[in-house]
Amino acid sequence: MVDVDTTQLAGVRVTVVGMARSGVAAARLLQDAGALVTVADRKNRGELLGILGSLDQAATRLVLGNDYESALSQAELVVISPGVPYRLEALERVRRRGVKVISELDLASRFLSAPILALTGTNGKSTTVTLIGKMLQESGKRVFVGGNLGTAISEAAVQSLRAMKVGRSCPYDALVVEVSSFQLETIEQFHPWIAAILNVTVDHQDRYESIDEYIAAKNRIFENQTRSDYALFNLDDARVAPLWRSAKARVLGFTRTQTLPSDLAGGTYLDRDRIMTTIGGQTQEICTRSEVKIIGHHNIENVMVAVTYALLSGCPLDIIRRVLREFPGLEHALEVVRERRGIRFINDSKGTNVDATLKALESIDQPIWLIAGGRDKGGDFSRLAPAIRQRVKRLVLIGEAAPLIANAMKEYQGIERAGTLREAVELAASEADAGDVVLLSPACASFDMFADYQDRGRQFKVLVQSLPE
């Protein structure tokens, strides 16, 4: 069995499976570490041309297309991208002959000496990670922000390894990392200084056999922590709150609805309209809800998590408050695109599951034209029905899941069908009244009609901006 550490990769045969963003970054990291790298993907060379160009192909063996699994036969270590199911029979055969199969996240973390601030959860990860990063950056820290969001953590590891080779220290003071359940499935040594589960709702049931298995994958974020670390839990989430009792780190909580339990090491909470914290050993007010620029009850939870991480990392309170007053939110997450003829258009393309769409609906008080649909991920669309009956003026359905969503809307008559996103936008724009909101929050994956949720959101914005005055 290969014992993977930064001193033993030279000459080691490593296969990287999955040539998405993180797979390419892992291959580059392994090349810098002197490994003999093979990259494998079921796609063919023509589909991967744009991606493969960033690799040193002279130093890389490529095994692409239907025969990609043959790349595993001589591997002494296998690194998989998040999109590769860890239960693949080909990977099981690798494990049976004593070869480790680890995630790109786990590989990269072994090259990093700066503290890792990691968080996972079904919804809100990207917003929270971005907020934490801004708070740390504004306080003068050298910060990497990425992981499942944006830049793969292996890119940070490449920079750290190159600095180490010339006798310099790690170029980062902290790494703020969004982590998915897929990445956590195959960790071995990944060890964050601060870790949190924001929430857990039904998602990715096309990947997991049960919600319990999904939760177990998320819970691995705390697996390698010690008493010198911090573990933060959502006390309002019935699936997350019980997990804190098995944590080995110092336990913190955040809550919008209750007081902090006395047996926790502290936390952040909502007192009427004030965000309060006990981090640092004293109770102090951060700000009022009205001072937070981003909208939505769920974003108050995201703010509480970001505040907790920032205070633990030594950020001054005045900087934290300024960031909260100024931060406009992320692209594709309740992003206000335009107001036209008294109608607001909001892009929530990142709402790729039922709970994300529910939170979007709860964040808007005006009558809503909801554009939803896409590729089903195993969500229970009937859970949308009460909120749609209460808040949605018309429901415009697109994509593969349109019939499933329509069938789940018992006794709701305001359903329209559209063959394309353009048709949906033009229908809503022509029939909505001043004071209404046209909301794209699909509750589905995007891959039936778009490259990803970013592509879907950007196409929505182009369509909205092209509507005539």
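Here the structure is a predicted model, which is why all the values come from computation and not from measurement.
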Check: [Y] and [X] side chains under 4.5 Å, non-hydrogen atoms:
X: Asp355; Y: Thr122; value: no
X: Val437; Y: Ile343; value: no
X: Leu198; Y: Asn123; value: no
X: Leu119; Y: Val176; value: no
X: His191; Y: Ile116; value: no
X: Val425; Y: Ile371; value: yes
X: Ile279; Y: Leu252; value: yes
X: Leu395; Y: Glu416; value: no

Is there a donor-acceptor contact under 3.5 Å from the side chain of [X] to the main chain of [Y]?
X: Asn353; Y: Gly379; result: no
X: Asp452; Y: Asp455; result: yes
X: Asp106; Y: Glu188; result: yes

Item checked: Phe345 and its side-chain contact (heavy atoms from CB on, under 4.5 Å) partner, picked from Val336, Leu467, Leu439 -> Leu467
Notebook entry, point to check: Which distance, rounded to the nearest 0.5 Å, do you find between the CD1 of Ile102 and the CD of Glu185?
Noted result: 14.0 Å
Margin query: Run the side chain to side chain donor-acceptor pair (under 3.5 Å) test against Arg325 and tell me which residues pass, sequence neighbours left out.
Written below: none
Does [X] pair with [Y] as a salt bridge, N-O distance under 4.0 Å?
X: Asp436; Y: Arg344; result: no
X: Lys393; Y: Asp433; result: yes
X: Lys359; Y: Glu362; result: no
X: Arg417; Y: Glu423; result: no

Next item on the list: List the atom of Lys218, the atom of Val200, and the distance in Å for their closest heavy-atom pair.
Entry: CG-CG2, 4.5 Å
Is there a donor-acceptor contact under 3.5 Å linking the side chains of [X] and [Y]?
X: Asp380; Y: Ser382; answer: yes
X: Ser126; Y: Lys350; answer: yes
X: Gln183; Y: Ser103; answer: no
X: Thr257; Y: Asp236; answer: yes

Notebook entry, point to check: By side-chain contact (heavy atoms from CB on, under 4.5 Å), which residues pair with Pro261, not counting sequence neighbours?
Noted result: Leu235, Asp263, Leu264
Note to self: According to side-chain contact (heavy atoms from CB on, under 4.5 Å), who are the partners of Thr288, at least two apart in sequence or on a separate chain?
What the structure shows: Asp273, Arg274, Glu285, Ser290, Glu291
Margin query: Once ring-ring contact (aromatic ring centres under 6.0 Å, His included) is applied, what residue pairs with a partner in residues 289-321 remain, sequence neighbours excluded?
Written below: none
Margin query: Test: ring-ring contact (aromatic ring centres under 6.0 Å, His included). Region: residues 441-462. Which pairs qualify, not counting sequence neighbours?
Written below: His332-Tyr453
Next item on the list: Show your working on salt bridge (charged side-chain N to carboxylate O under 4.0 Å, His left out) between Arg340 and Glu469 and close with a plain yes or no.
Entry: CA-CA 7 Å; Arg340 172 185 178 269; Glu469 285 295 338; 5.6 Å; no
Check: Partners of Arg21 by salt bridge (charged side-chain N to carboxylate O under 4.0 Å, His left out), sequence neighbours excluded?
Finding: none
